[in-house]
Structure formats: structure tokens, C-alpha cells
Amino acid sequence: MPESKGRKKTASSRYQLHPQRKQRSKPSPKWFAPVMAALMIVGIGIIVWNFFRNDGNSFDPKVMWLGLGVLAAGFFGISFWK
């Protein structure tokens, strides 16, 4: 009896003996972390300054949002640090 040809087996990426390795991403520049830390410190400074200026009588929400924005920019930037 003749043998059947069967299906052709395709190369599956599921079971590879040597999987492709991910390339390492470049590390951040040396100035990146200090700049992000400085942004966070400046943001905290703006918020504290907003509370204590003019004997605490003139609280400005715009300055508060500015401080929070600078602080958030520092936190957002530091999340990309490698």
C-alpha cells in the first residue's frame, strides 16, 4: 500500500529551540535622574511657598496647580528612567 504524503509542517514560532532575544534598550543619560528629582523638589517648593507666602492669607489655586504640574512632570519623567 502506498504511503500518504501528509500535511506539510510549517515552522511554528511557538516552540523554538533558540527564541529571539530582546535587545536591551539604551540606558538613560546621567543627567536625566537629577533633572527629574530637581523637578519634583521644585514642585514641592512651589506648593509649600504657595501656602506660606503673605502670612498664609493669599492662597492661589493657580500656583498650586503649577506646583502639582511640575511635581507630576518629575514623577512622569522618572518612570522612563533606565
Using every non-hydrogen atom in the two residues, find where [X] and [Y] come nearest and quote the distance to one decimal.
X: N50; Y: D60; answer: ND2-O, 3.0 Å
X: P61; Y: F59; answer: CD-O, 3.6 Å
X: I46; Y: V63; answer: CG2-O, 3.6 Å
X: M36; Y: A73; answer: SD-O, 4.1 Å
X: K26; Y: K82; answer: O-CD, 3.8 Å

Are I41 and L71 joined in one hydrophobic group, where the rule is that I, L, V, M, F, W and Y side chains link up if heavy atoms are under 4.5 Å apart?
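No.
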For the atom pair CZ (F75) and CD1 (I78), what is the distance rounded to the nearest 0.5 Å?
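Result: 9.5 Å between the selected atoms.
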Out of curiosity, I44 CD1 to L68 CG, how far, rounded to the nearest 0.5 Å?
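Those atoms lie 10.5 Å apart.
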Can you list the residues that meet the ring-ring contact (aromatic ring centres under 6.0 Å, His included) rule with F76, with sequence neighbours excluded?
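Per chain and number, F76 pairs via ring-ring contact (aromatic ring centres under 6.0 Å, His included) with F80.
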